[in-house]
**Student:** 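For reference, the structure I am asking about is given below.
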Amino acid sequence: MRRLISLRFNLHFRSKSTLKPPPLPPQEPIKDDDPPYKDLPLQPHLRKPFKTPLPLLIRRHRRHPPSPDNGLLHPHLLPLSHSLYASYLSLLRSLPSLHPLLHRCLLCSSLHVGLHPHLIRTCPSSPSALHRWSPTEPIHALRLPDSYHLFDRASHPRVTHTARAHPRAPAVVELCVQAGLDLEEYPTRRRTRPVYSVGGRAVDFEGELEPQPKPVTEAELGVGVGGPQASLDWWLAMRAGAEALMEVYKVWTCGYCEEVQVGPKGHNVRRCRARGHQFRAGLHAWQEATVDDVVPPNYVWHVRAENARRPMVHELRRFYGMAPAVVELCVQAGAAAPREFVSMMRSDVVAPERDEFDLVA
């Protein structure tokens, strides 16, 4: 009896395992001319998603414990740091010359590019969720976060709360300085010998300070002023350069607020006022930063040419697209839309009239 049951059991599962799945229908090849699909940004989470999954971080930490930064530079990244800083300065000089009008909300951090501010109820600080708009300068579309400047990232990688008056710099500039850019206003110690970890402590075998190199000038970097298309190219180059440098030089961000720290470790300044800061005594919840944390896109609603004469309404918000503030500013000034943001801008979607939105499926 047992032999008969085992025989039936084996035949039953063998018959299922030998079944072949039905063939998949032929798929059309992906054309290289099609822009990559990118949906609208989602609503903010309670905490930012991790750049690397948490189980993978724990496994990597157990196999290879983190070692302190040895303080040396990567020579192959020196030209990239100079070009990144040149793009940053060129963008700062070119944005004020763009003619589209920029509005900012007086109650939150929202922005709008266009003549007529939108009427979409997305303000978290207003009882009616309507924004209170005020005209502002085009330079505010960039809105880069700041980071504490480190004079020696190897021996003093962390800023304490008692030293919270430490000088700060834009995170992009601090990333360039730690990658090898020499600026007069941000002095940094350059090493010729590495720093070793002995017994869990950083040991410096370099005695006297080496002579600091001469700071670079704007003429050597090739800083210029351009129009809308040049400004858009500089912004894209700045994001690409920052992402490349972040693969080598560590950048940290708080999981609950917009604080960014460039260096081997996050600082200990108790200034976090985001969700759950009472349980952390004001300390930031540090995690790996992405390029959106160092160069925030600052998404705004995309205004098409046919809708420029009237404000966008709340009822038709699902027919509108979005784009980064700098991209929207340059596109309205005459630049071509980048391929990676074409699908997000929804330029191929025709919005119905206000009295027709309930008739659209």
**Student:** To the nearest 0.5 angstrom, please state how far the CG atom of Leu84 sits from the CG atom of Leu181.
**Tutor:**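 Atom-to-atom, Leu84:CG and Leu181:CG are 9.0 Å apart.
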**Student:** Within the 4.5 Å heavy-atom criterion, are Val294 and Met246 side-chain neighbours or not?
**Tutor:**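 Val294 reaches Met246 side chain to side chain.
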**Student:** Hey, does the side chain of Trp235 reach the backbone of Ser87 with a donor-acceptor pair shorter than 3.5 angstrom?
**Tutor:**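 Not a single qualifying donor-acceptor pair exists.
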**Student:** Go through Leu119 and Arg317 one step at a time and tell me if the side chain to side chain contact (heavy atoms under 4.5 Å, CB included) criterion holds.
**Tutor:** CA-CA 10 Å; Leu119 302 177; Arg317 63 188 182 279; over 6 Å; no
**Student:** Report yes if some heavy atom in the side chain of Asp292 is under 4.5 Å from a heavy atom in the side chain of Pro297; otherwise report no.
**Tutor:**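 Counting from C-beta outward, Asp292 and Pro297 do come under 4.5 Å.
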**Student:** Any side-chain heavy atom of Leu329 sitting closer than 4.5 Å to one from Leu95?
**Tutor:**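 Touching, per the 4.5 Å side-chain cut-off.
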**Student:** Give a yes or no on whether the backbone of Lys51 and the side-chain of Gln287 come within a donor-acceptor separation of less than 3.5 Å.
**Tutor:**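 No, Gln287 side chain to Lys51 backbone: no donor-acceptor pair under 3.5 Å.
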**Student:** Could you check Arg47 against Tyr256 for side chain to side chain contact (heavy atoms under 4.5 Å, CB included), going step by step and ending with a plain yes or no?
**Tutor:** CA-CA 5 Å; Arg47 176 166 182 157; Tyr256 298 96; 3.7 Å; yes
**Student:** Ignoring hydrogens and geometry, is there a side-chain-to-backbone donor-acceptor pair from Asn298 to Leu142 under 3.5 Å?
**Tutor:**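 Present.
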**Student:** Determine whether Arg191 and Ser155 satisfy the following criterion, side chain to side chain contact (heavy atoms under 4.5 Å, CB included), listing intermediate values before the conclusion.
**Tutor:** CA-CA 11 Å; Arg191 296 178 177 273; Ser155 59; 3.6 Å; yes
**Student:** Let me confirm one number: the CG-OH distance from Leu77 to Tyr249, rounded to the nearest 0.5 Å.
**Tutor:**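 The CG atom of Leu77 sits 5.5 Å away from the OH atom of Tyr249.
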**Student:** Rounded to the nearest 0.5 Å, how far apart are SG of Cys123 and CG of Leu130?
**Tutor:**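 It is 8.5 Å, given to the nearest 0.5 Å.
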**Student:** Looking only at the aromatic ring of each residue, does the gap between the centers of His267 and Trp252 stay below 6.0 angstrom?
**Tutor:**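 No, they do not, as the ring centres are separated by 6.0 Å or more.
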**Student:** Return the minimal non-hydrogen interatomic distance between Cys176 and Ser81, and the atom names on each side.
**Tutor:**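 Looking at all heavy atoms of both residues, the shortest contact is SG-O, 3.6 Å.
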**Student:** For the residue pair Leu80 and Ala244, what are the closest heavy atoms and their distance?
**Tutor:**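 Nearest pair, atom of Leu80 first, then Ala244: CD2-CB, 3.6 Å.
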**Student:** Does a side-chain N-to-carboxylate-O contact under 4.0 Å join Glu288 and Lys48?
**Tutor:**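 Salt bridge between Glu288 and Lys48, a charged N being under 4.0 Å from a carboxylate O: no.
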**Student:** Between atom CZ of Arg318 and atom CZ of Arg346, what is the distance when rounded to the nearest 0.5 Å?
**Tutor:**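 Rounded to the nearest 0.5 Å, the CZ-CZ separation comes to 9.5 Å.
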**Student:** Can a donor-acceptor pair be found, under 3.5 Å and without considering hydrogens, that links the side chain of Arg304 to the backbone of Val349?
**Tutor:**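 Checking the backbone N and O of Val349 against the side chain of Arg304, a donor-acceptor pair under 3.5 Å is found.
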**Student:** Please answer whether the main-chain N or O of Pro187 pairs with a side-chain N or O of His149 as donor and acceptor at a distance below 3.5 Å.
**Tutor:**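 Checking the backbone N and O of Pro187 against the side chain of His149, a donor-acceptor pair under 3.5 Å is found.
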**Student:** Pairing donors with acceptors under 3.5 angstrom, does anything connect the side chains of Thr136 and His103?
**Tutor:**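 Looking only at side-chain atoms, His103 and Thr136 do not form any donor-acceptor pair under 3.5 Å.
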**Student:** If you count the non-hydrogen atoms of other residues, nucleotides and ligands that lie under 6.0 Å from CZ in Arg168, is the total more than 12?
**Tutor:**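 Enclosed.
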**Student:** Compare all side-chain heavy atoms of Ser147 with those of Gln261 and state whether any distance is below 4.5 angstrom.
**Tutor:**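 When only atoms from C-beta onward are counted, Gln261 and Ser147 do touch, with a gap below 4.5 Å.
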**Student:** Is there a side-chain contact between Met322 and His302 (heavy atoms, below 4.5 Å)?
**Tutor:**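 They are not in contact (no side-chain heavy atoms under 4.5 Å apart), so the answer is no.
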**Student:** Determine, using the 4.5 Å side-chain heavy-atom cutoff (strictly less than), whether Leu144 and Val251 are members of one ILVMFWY cluster.
**Tutor:**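 Yes; tracing contacts between hydrophobic side chains, which count when under 4.5 Å, links both residues.
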**Student:** Hey, can you tell me if His284 and Trp286 have their rings parallel, tilted or perpendicular (30° and 60° cut-offs)?
**Tutor:**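 Judged by the thresholds at 30° and 60°, the geometry between His284 and Trp286 is tilted.
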**Student:** Grab the two heavy atoms, one from Leu150 and one from Gly263, that are nearest each other, plus how far apart they are.
**Tutor:**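 Minimum heavy-atom contact is CD1-CA, 4.0 Å.
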**Student:** Looking at side-chain heavy atoms only, is the closest gap between Cys108 and His131 below 4.5 Å?
**Tutor:**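 Cys108 vs His131: side chains touch.
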**Student:** Atom CE in Met345, atom CD in Glu340: separation rounded to 0.5 Å?
**Tutor:**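 One gets 11.0 Å once the value is rounded to the nearest 0.5 Å.
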**Student:** Within the side chain of Gln178, is there an N or O that forms a donor-acceptor pair under 3.5 Å with the backbone of Arg153?
**Tutor:**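 No; zero donor-acceptor contacts below 3.5 Å.
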**Student:** Identify whether Leu101 and Ile139 are in the same connected component of the hydrophobic contact network (ILVMFWY, side-chain heavy atoms under 4.5 Å).
**Tutor:**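 Hydrophobic grouping puts Leu101 apart from Ile139.
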**Student:** Please find the pair of heavy atoms, one from His140 and one from Leu111, that lie closest to each other, and give the distance.
**Tutor:**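 So the minimum-distance heavy-atom pair works out to O-CD1, 3.9 Å.
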**Student:** Please test Val262 against Lys250 for side chain to side chain contact (heavy atoms under 4.5 Å, CB included), starting from the C-alpha separation and ending with a verdict.
**Tutor:** CA-CA 6 Å; Val262 182; Lys250 294 182 179 180; over 6 Å; no
**Student:** Any sub-3.5 Å donor-acceptor pair from His112's side-chain atoms to His116's backbone N or O?
**Tutor:**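 Yes, because the side chain of His112 sits within donor-acceptor range (under 3.5 Å) of the backbone of His116.
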**Student:** Is the backbone of Arg270 close enough, under 3.5 Å, to the side chain of Arg280 for a donor and an acceptor to pair up by distance?
**Tutor:**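 Flag not set: sc Arg280 to bb Arg270 has no pair under 3.5 Å.
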**Student:** Where do Val269 and Thr160 come nearest, in terms of heavy atoms and distance?
**Tutor:**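 Looks like CG2-O, 3.6 Å.
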**Student:** Taking C-beta and beyond as the side chain, do Leu316 and Pro352 meet within less than 4.5 Å on heavy atoms?
**Tutor:**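 Yes, their side chains come closer than 4.5 Å.
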**Student:** Say whether, by atom type as modelled, one donor and one acceptor occur between the side chain of Ser94 and the main chain of Gly226 under 3.5 angstrom.
**Tutor:**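 It does hold such a pair.
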**Student:** Are there over 12 heavy-atom neighbours, none belonging to Arg309, within less than 6.0 Å of that residue's CZ?
**Tutor:**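 Result for CZ/Arg309: open.
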**Student:** Identify the heavy atoms of Arg132 and Leu107 that sit nearest to each other, and give their distance.
**Tutor:**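 Reported closest heavy-atom pair: CD-CD1, 3.7 Å.
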**Student:** In the single-linkage hydrophobic clustering (I, L, V, M, F, W, Y; side-chain heavy atoms under 4.5 Å), do Met238 and Val173 co-cluster?
**Tutor:**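 Shared cluster, yes.
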**Student:** Supply the atom-to-atom distance Ser125 OG to Leu106 CG, rounded to the nearest 0.5 angstrom.
**Tutor:**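 Here the rounded value is 11.0 Å.
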**Student:** Would you say the side chain of Asp182 lies within less than 4.5 Å of the side chain of Thr188, judging by non-hydrogen atoms?
**Tutor:**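 Thr188 does not reach Asp182 side chain to side chain.
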**Student:** Between Leu98 and Val223, is there shared hydrophobic-cluster membership here, with clusters defined by ILVMFWY side-chain heavy atoms closer than 4.5 Å?
**Tutor:**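 Same hydrophobic cluster.
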**Student:** Is the number of heavy atoms from other residues, nucleotides or ligands within 6.0 Å of CD (Glu185) greater than 12?
**Tutor:**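 Enclosed.
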**Student:** Tell me whether the count of non-hydrogen atoms from other residues, nucleotides or ligands lying under 6.0 Å of CD in Glu258 goes above 12.
**Tutor:**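 Atom CD in Glu258 is not crowded, with 12 or fewer foreign heavy atoms closer than 6.0 Å.
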**Student:** Given salt bridge (charged side-chain N to carboxylate O under 4.0 Å, His left out), test Glu353 with Arg310 step by step and report yes or no.
**Tutor:** CA-CA 11 Å; Glu353 297 295 333; Arg310 52 186 178 181; 3.1 Å; yes
**Student:** Does Leu91 share a hydrophobic cluster with Val225, counting links as ILVMFWY side-chain heavy atoms below 4.5 Å and allowing steps through other members?
**Tutor:**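 No, Leu91 and Val225 fall in different hydrophobic clusters.
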**Student:** Counting only heavy atoms not in His314, do more than 12 fall under 6.0 Å of its NE2?
**Tutor:**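 For His314, atom NE2 is crowded (more than 12 foreign heavy atoms under 6.0 Å).
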**Student:** May I ask you to decide if Ser109's main-chain N or O and Arg143's side chain share a donor-acceptor pair within less than 3.5 Å?
**Tutor:**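 Yes: the side chain of Arg143 pairs with the backbone of Ser109.
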**Student:** For Gln278, does the CD atom sit with more than 12 other heavy atoms under 6.0 Å from it, leaving out its own atoms?
**Tutor:**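 Enclosed: over 12 neighbouring heavy atoms sit under 6.0 Å from CD of Gln278.
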